[in-house]
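Both ligands and their constituent atoms are indexed starting at 1 by order of listing.
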Amino acid sequence: MELLKQKIRTAGVVLSDQVLKVDTFLNHQIDPLLMHQIGQEFARRFRDAGVTRILTLESSGIAPAVMAGLELGVPVVFARKHRSLILKDDLLTAQVYSFTKQVESTIAVAARYLSPSDRVLVIDDFLANGQAAKGLVSIIQQAGASVAGLGIVIEKSFQPGRAELEGMGLRIESLARIQSLEGGQVTFID
Ligand code: 5GP
């Protein structure tokens, strides 16, 4: 997606060979027009996949997921990373090791928001080692639902997430694929 790549080139900050900071439009401040176009692009790619629900992870997955949900006309559920006093339902949970925070945490979704008849599209802001995506896929499987695919805003293709998820037979659509962050430069795959 050309507009996204342009935004990454102009507003992304390479923190190291492994980490890209995009706080000005995705992870802290949000660019609604860009998110709208991201939602349209996800919808275009998954229009024929029979999606009935979108699952993402709080907080940075929510904006692109909601925009995709709006375009596809399906509800959006986000997994919580922190236990909430009002989350008293039966929970589906998974353990996820956070790439950026370097701690393991439990993510949780109330069981009543996913049903066996659902075909679920997973959306997230970044794909690195695939831990977050695998946790979300595990939650979908626990619900007895099927996975329509994974929609990723920014994939760091030099990390192993894509290969692992493809190895599980999952379809991955990434809107920007980064080949390298070496030397403070962002290089895209295509
Ligand atoms: P994974 O679970 O695939 O290893 O990492 C994905 C998660 O880690 C995403 O949900 C995202 O929040 C965070 N993440 C991974 N790499 C980066 C990065 O380079 N920059 C930012 N801002 N977040 C990242």
> Cut-off 3.5 Å, side chains only: do Gln142 and Ser138 have a donor facing an acceptor?
Replying inline: yes

### Message
With no hydrogens and no angle check, just 3.5 Å: does a side-chain donor-acceptor pair link Ser16 and Gln18?
### Response
no

query: Considering distance alone, does some N or O of Leu57 sit under 3.5 Å from an N or O of ligand 1?
result: no

**Request:** Check the side chains of Arg119 and Thr52 for a donor-acceptor pair under 3.5 angstrom, ignoring hydrogens and angles.
**Result:** no

Ranked by distance from atom 2 (O) of ligand 1, the top protein heavy atom is Ala132 N, 2.8 Å

The answer for which part of Asn129 has a heavy atom under 4.0 Å from ligand 1 is both

heavy-atom search around atom 15 (C) of ligand 1 in the protein gives Phe99 CD2, 3.3 Å

When distances are taken from atom 10 (O) of ligand 1, the protein heavy atom at minimum range is Asp124 OD2, 2.9 Å

Closest to atom 22 (N) of ligand 1 among protein heavy atoms sits Asn27 OD1, 2.9 Å

Among non-hydrogen protein atoms, atom 5 (O) of ligand 1 lies closest to Ala128 CB, 3.6 Å

Open item on the list: Less than 4.0 Å is my threshold; does some heavy atom of Val22 fall inside it relative to ligand 1?
Closed with: no

* How about Gln179 and Thr187: does a side-chain donor come under 3.5 Å of a side-chain acceptor? -> no

Nearest non-hydrogen protein atom to atom 17 (C) of ligand 1, with distance, is Lys156 NZ, 3.4 Å

Check whether any heavy atom of Gly130 sits under 4.0 Å from an atom of ligand 1. yes

re atom 24 (C) of ligand 1, the protein heavy-atom contact at minimum distance is Thr100 CG2, 3.5 Å

At under 4.0 Å between heavy atoms, what of Asp125 touches ligand 1? The answer is side chain

Worksheet item: Judged by non-hydrogen atoms, does Val19 sit under 4.0 Å from ligand 1?
Response: yes

